[in-house]
Peer 1: 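The following block contains the structure, expressed as structure tokens.
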Amino acid sequence: MPADENCIFCKIAAGKIPCRKLFEDEYSLAFLDIEPASKGHALIIPKSHYPTLLDIPEMELGRAIATVQKVAAAAMKALHADGFNLVQNNRKAAGQAVHHLHFHVVPRFEGDNVRLTLGSKGAMESELAEWEKKIKENI
Ligand code: 5GP
Ligand code: ZN
């Protein structure tokens with residue numbers, strides 16, 4: 001995928017704007033989030049421009065996820081984190097602000113009060129059955 005000239009993460013991938021780089025390989029790049037939700041909050045991106053998880057070819061996705069794993073392991077070790085969240089937003093409705101696929105690695109510390117909880121809206125058995133059927137039919 002060609003770089004998108006209006007995309008901030010394409011500019012970071014191309015070295016046109018600076019970042020606090022943690023790791024890179026041929027296909028992926030990891031750097032610190034400029035507005036961290038917790039100590040060590042990192043972003044992992046494919047170097048090519050794909051808007052969402054649905055757009056990236058499987059090979060490049062695999063490489064990006066391998067980088068997520070490396071960075072998460074390093075952050076856990078280096079910062080003595082007790083856990084981490086992996087967050088990945090797709091499209092505006094889901095809170096995606098930068099439309100270049102990225103994974104958030106958010107290190108977590110006991111009692112840190114970071115709010116990432118999903119909450120439950122609840123569902124009736126009939127609704128669960130309907131969602132199961134419809135989604136399965138589309139896989
Ligand atoms: P989203 O809401 O799209 O999942 O998250 C975008 C993330 O990118 C935010 O956490 C935001 O702080 C981060 N971000 C936006 N612009 C920049 C930037 O120029 N540099 C860095 N390092 N992070 C950025
Ligand atoms: Zn981009």
Side-chain angles (χ1 to χ4, degrees):
M1 263 268 201
D4 176 333
E5 62 188 25
N6 298 313
C7 172
I8 190 112
F9 287 176
C10 281
K11 288 182 185 150
I12 288 176
K16 288 181 184 152
I17 62 170
C19 69
R20 293 202 174 270
K21 190 188 295 183
L22 300 170
F23 175 83
E24 71 179 315
D25 63 15
E26 192 181 348
Y27 293 100
S28 64
L29 173 68
F31 52 97
L32 290 178
D33 195 296
I34 207 170
E35 289 182 57
S38 74
K39 188 165 83 174
H41 180 174
L43 299 172
I44 292 85
I45 63 170
K47 285 187 171 175
S48 293
H49 182 87
Y50 302 109
T52 75
L53 188 68
L54 302 185
D55 306 305
I56 187 170
E58 217 171 286
M59 185 279 286
E60 285 171 76
L61 175 61
R63 298 296 291 260
I65 286 289
T67 299
V68 166
Q69 187 185 44
K70 273 192 190 31
V71 169
M76 290 285 290
K77 189 173 164 196
L79 305 175
H80 307 291
D82 300 307
F84 70 93
N85 294 106
L86 178 59
V87 178
Q88 201 276 303
N89 301 323
N90 296 279
R91 299 196 179 171
K92 191 161 131 296
Q96 186 177 11
V98 177
H99 296 274
H100 178 131
L101 171 63
H102 55 280
F103 298 86
H104 298 255
V105 170
V106 184
R108 298 297 303 275
F109 303 86
E110 294 295 347
D112 64 12
N113 286 321
V114 173
R115 295 262 168 270
L116 292 169
T117 44
L118 296 177
S120 173
K121 292 228 181 332
M124 294 191 298
E125 276 303 317
S126 59
E127 291 178 294
L128 293 172
E130 185 193 333
W131 302 339
E132 178 190 12
K133 179 172 181 290
K134 285 186 171 165
I135 295 170
K136 264 160 66 176
E137 281 169 1
N138 281 276
I139 288 176

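For reference, positions follow the sequence shown, starting with 1.
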Peer 1: Using a 6.0 Å cut-off, check whether atom CE of Met59 has over 12 heavy atoms from anything other than its own residue.
Peer 2: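 Result for CE/Met59: enclosed.
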Peer 1: Find the distance between CG (Leu61) and CZ (Arg63) and round it off to the nearest 0.5 Å.
Peer 2: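 Here the interatomic distance stands at 12.0 Å.
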Peer 1: Could you tell me the separation between the NE2 atom of His99 and the CG atom of Asn90, rounded to the nearest 0.5 Å?
Peer 2: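 Taking NE2 in His99 and CG in Asn90, the distance rounds to 10.5 Å.
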Peer 1: For Met76 and Asp82, which heavy atoms make the closest approach, and how far apart are they?
Peer 2: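 Reported closest heavy-atom pair: CE-C, 4.0 Å.
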Peer 1: Closest approach of Ala75 and Pro107, non-hydrogen atoms and distance?
Peer 2: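 Looks like CB-CG, 4.2 Å.
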Peer 1: Determine whether the aromatic ring centres of His102 and His104 lie less than 6.0 Å apart.
Peer 2: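 Under 6.0 Å, so yes.
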Peer 1: Which residue in the set Thr52, Ile44, Leu53 passes side-chain contact (heavy atoms from CB on, under 4.5 Å) when paired with Leu101?
Peer 2: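 That would be Leu53; it is the only one of Thr52, Ile44, Leu53 passing the side-chain contact (heavy atoms from CB on, under 4.5 Å) with Leu101.
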Peer 1: Which heavy atom of Ala37 sits nearest a heavy atom of Val114, and at what distance?
Peer 2: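 For Ala37 and Val114, the tightest heavy-atom pair comes out as O-CG2, 3.5 Å.
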Peer 1: Hey, is Lys47 close enough to Glu24 for a salt bridge, meaning N to O under 4.0 Å?
Peer 2: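 Salt bridge present between Lys47 and Glu24.
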Peer 1: Which distance, rounded to the nearest 0.5 Å, do you find between the CZ of Phe31 and the NZ of Lys21?
Peer 2: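 Those atoms lie 10.5 Å apart.
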Peer 1: Please check if Val105 and Phe103 belong to a single hydrophobic cluster, counting links between Ile, Leu, Val, Met, Phe, Trp and Tyr side chain heavy atoms closer than 4.5 Å.
Peer 2: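 Yes: a chain of side-chain contacts under 4.5 Å links Val105 to Phe103.
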Peer 1: Between atom CD1 of Ile17 and atom SG of Cys10, what is the distance when rounded to the nearest 0.5 Å?
Peer 2: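 Result: 10.5 Å between the selected atoms.
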Peer 1: What's the separation between atom OG in Ser48 and atom CD1 in Ile56, rounded to the nearest 0.5 Å?
Peer 2: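 Between atom OG of Ser48 and atom CD1 of Ile56 there are 8.0 Å.
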Peer 1: Take atom CD in Gln69; do more than 12 heavy atoms of anything else shown fall under 6.0 Å from it?
Peer 2: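 Not buried by this count: 12 neighbours or fewer within 6.0 Å.
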